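Report on the following structure.
All figures in this text were calculated on a predicted structure; none of them were measured in a lab. Protein chains get the first letters and strands the later ones, always in sequence-line order, with residue 1 at the start of each.
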Amino acid sequence: MGETILVAAEQTLFDPMIWMIVVATAFYGVFLGAMPGLTATMGVALFVPLTFWLDPLPALAGIVTMVACAIFAGDIPTTLVRMPGTPASAAYANDAYALSRRGEAGRTLGVMLWSSVMGGMFGAVVLMLVGNRLAELAGWFSVAEYFWLYLIGLSCAVIVGGSSLSRSLLGLLIGLLLSTVGLSAVHSQARFTLGYPELFQGISFIPAMIGLFGLSEVLRAAASQSSVRPKIFATGGAILGPAVRLFAKRLGPWMRSSLLGAAVGILPGAGADIASWVAGAVSKRRSRNPEKYGHGSTECIADACAANSASLAGAWIPALVFGIPGDSITAIVIGVLYMKNLKPGPEIFETQGSLVMSLYLVFILANLVLIPVGLIAIRAGGWVMRIPRNVLLPLITLMCIVGAYAVSGSPFDIALMGLFGLVGLVCERWKVSIGAMVLGMILGGPLEERFVQTLSGSSGSPWGFVERPVAAGLALLCLAIWIGVGWSGYRDRQRGEKSISR
Amino acid sequence: MLRMFSNVQAGMLLAVLCASSVFCIGIVGCGGESSFPQRPISLICPWSAGGGTDRVARQLAVGMESELGVPVNVINATGGGGVTGHTRGAQARADGYTLTVITVELSMLHWRDLTSLTYRDFAPLKLLNRDAAALFVRDDGRFRTLDDLESAIADSPTAIKASGTAFGGVWHLALAGWLDSRGLPADAATWISINGAGPSIQELLAGGIDVLCCSLPEAEAVVAGGQVRCLGVMSEERIAGFESVPTFREQQHAWSLAGWRGLAAPRDTPVDRLEVLTEAIDRVTATAAFRDFMASSGFDLSLEGPEEFRETLGRQDELFGAILTRDAFRAVSGEHFGPLMFPAVLGLALLVVFAVVIREIRRESAVDATSEPVAGTGTGTEFNAPWRAAAVAASVAGYGLLSESLGFLITACLMLIVLMLALGVTRRVALATAVVASLMTYQLFGVLLRVPLPRGFWEW
């Protein structure tokens, strides 16, 4: 154990390549986060083709740093022009903007930066403590247990993510169906390929991802033309000092919010955006002055920022241990891991012990780098927001194309990326959950695989699914989740009918 | 901000850009084809990055680069259990600039009617290595020898579960072929389809399967750890580095089977170019660096020149044909749970949920229609200019259609200019940004990071 730490530290801290990547991606992340409409997920999707040419650790370090920085940088336009840079900042946009109007933009951003860094650190610690333990547990799992685990993961994603249950479910089912294109792991016959050999191995994940998260955002931004030029507040005065003093006074709420954030991150399908909503709501309930919430509450901002940053590391836990992504970013990360021949799963903690350890260090490193980079970003204020959108959108379109083509050097992938861009746009328009769709695309293959494996292991008898005690327990849990959802839905409807009849 | 440029500045900027673009193109080079090779070579790997074949390909690429003096780029054309990469490699222009790392699946896929491609579509260059199959069991004393395992399978057919790769993969064939050679039905052991040796090992340890069939290096760690016992390796002689493992033949089981990897060019590649390539590969595979790499990765180096390799390929093809067309194996191929079962279940669920969502949307739009004048909280800018999204989509399509013939630089530049003008950027800014951005992308991705970019007639 001690030796692994040393090796990991050597691999991480003494490798100039890692430092270079971390610093470069930090700026890239800040840029993306600060541009309203460009999300952290999109940044990761566009970064993936580059990871092809990097070793696993620098590739993962880049993703971790970029996301941490982008989630913070999303707060900058939120504060300065009330446009959430990433969805994770939406929960406290009103509070942040109200504070800016009182001339406290600099101080507010300081609180956001410090809370983000501290929340991120907390998340990293949670990842370290929980990851290995869970992996030991997972060693007992055979295919039947994994089947139920995937089903539970998918259920959580449908229930937690998105505004409406039916639309999350629709997104999920579309994703699952898309995952059945091509050869499955357990059949030698390709399905739904329409005669394209490129589809034999299934829909190429990276181009699809770039289309769904990258191009669709470009399309949406292009289609939503706004002629209003926002007023941008200046950031002056002390930034970090007041934030650190506030933090020292509120250690309890910080712990609570970070823990909440990490827990939300672990839930499949729920990421930074939901973490900040949940933490904000809990913070309001516990606060002594809840009336301020929504009208410029620094407490709300501090708690929500800590939570959304903590959720980032939390999302890596199910991704590493079970290969079930905790949010849409780790969904892409799993794709990267597979590409690097690092199969996520409990084995990764043994076979790639030093890599996992290095990953922990990278999380700490990323949050440390965020302090200076974040300060620069705050000082630089809103210049990023002044880049004309009409120039930026074509450039991002080009990046999407280059990224999609790079994976296998085939124009087919460009077409695929374009198609998924349109699919993403349509889904966005009708509020069908893209996150659930991506989760379906990732877990569809393994789910089918485990399903058929379990059945063929028990010669076709469905008894095989619940034969082992752990599998039976997980099956009951899954059943309980859905009964719970059905019950609360039924109660809501009853209440709704009553209120109508009144 | 860019609008602040005066005319003079913009003019100078353009001049600098033109000069630098000429410079860049000069670097890329467009000389005549007097000697071979003149430009970068693509090495197609039909398997994903990071895997065994990919590692061999990349090691080979490094060596060939220094031998041939041009970049050798590895392209992972994965898919179809090897169909995609092999097909692309065979159908590439036969000019020696596209080579393929071919693998044992080339001898198997066409017998399973997954492709019409055979080894005859390639000009073989070099056989690189062979991986013999081996059988493993948990070391709990239940099976000590191959005979123990054989009699257990014979006593209770289908009770013994085995895995190591997907259904119909090379290791599955190895096990089925062995059973067949002993006069047992090829499906006497139930094959569970698990993708890859790693997960199969976990399943063996968790008790989900009883027998593991894969190559020796793949299971080295658990064998060394004492949890797993190797019953024998399906090779003619013991494998270097695994001398303690007996062969099947030593145990009076006349059966051997191995996977292999090799290098090949498209069939009609000119002979003089094949010679240049063969010489370069000979020198690379003779280097200590390459041999060390193969040894340390556990790949059993087994070199054969073009002629020998072609004969080996012929023999392999017959061997796998004999196994795969045998009635016994045809029966095994009939899968119990068809490939359309899972999608059918999903499709049904999708129809139901879709109906629910449609109803929901209808209801919402009815509510919206009645309450719209009152609400008015939206910004009013969402989706108010759909034609602009159409312009973006069209530019993607245009790039896809043109890039393979015009090359990256021209297509990217054109696309950026057209799209920016369509979105209302001033002509000067659009032109300057497009030229700078496409050149920078080319240099960064194409030259520095070696990301594949489309090459047209002029190679850039």
Which bit of [X] comes within less than 4.5 Å of chain A, counting heavy atoms only: side chain, backbone, both or neither?
| X | value |
| --- | --- |
| B:Met415 | side chain |
| B:Glu404 | side chain |
| B:Val396 | both |
| B:Tyr399 | side chain |

Is it the side chain or the backbone of [X] that comes within 4.5 Å of chain B heavy atoms, both, or neither?
| X | value |
| --- | --- |
| A:Arg450 | neither |
| A:Leu215 | side chain |
| A:Phe412 | neither |
| A:Leu398 | both |

- Query: A:Leu393, A:Ile174, A:Leu219: which one forms the most heavy-atom pairs within less than 4.5 Å of chain B?
  - Reply: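 Top count of heavy-atom pairs under 4.5 Å with chain B: A:Leu219.
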- Please identify each residue that fulfils side-chain contact (heavy atoms from CB on, under 4.5 Å) with B:Leu414, with sequence neighbours left out.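 Once residues adjacent in sequence are excluded, the partners of B:Leu414 under the side-chain contact (heavy atoms from CB on, under 4.5 Å) criterion are B:Leu406, B:Ile410.
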- Would you mind checking if A:Glu428 and A:Arg167 are paired as a salt bridge, meaning a charged N to carboxylate O distance below 4.0 Å?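 Between A:Glu428 and A:Arg167 there is no salt bridge, as every charged N stays at least 4.0 Å from the carboxylate O atoms.
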Shortest non-hydrogen contact from [X] to [Y]?
| X | Y | value |
| --- | --- | --- |
| A:Pro56 | A:Leu355 | CB-CD1, 4.3 Å |
| B:Leu416 | B:Ala437 | CD1-CB, 3.8 Å |
| A:Leu177 | B:Gly347 | CD1-CA, 4.1 Å |
| A:Leu176 | A:Leu447 | CD2-CD2, 4.4 Å |

- Message: Using a 4.5 angstrom heavy-atom cutoff, name the option from B:Gly208, B:Ser403, B:Pro343, B:Gly400 with the most pairs to chain A.
- Response: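 The candidate making the most pairs under 4.5 Å is B:Pro343.
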- Query: Of all of B:Leu401, B:Leu346, B:Thr441, which one pairs up most often with chain A through heavy atoms under 4.5 Å apart?
  - Reply: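 Among B:Leu401, B:Leu346, B:Thr441, the one with the most close pairs to chain A is B:Leu346.
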- Quick one: pull up CE in A:Met417 and OH in A:Tyr405 and give me the separation to the nearest 0.5 Å.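 It is 13.0 Å, given to the nearest 0.5 Å.
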- Listed partners of B:Arg388 passing salt bridge (charged side-chain N to carboxylate O under 4.0 Å, His left out), at least two apart: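 Not a single residue meets the salt bridge (charged side-chain N to carboxylate O under 4.0 Å, His left out) criterion with B:Arg388.
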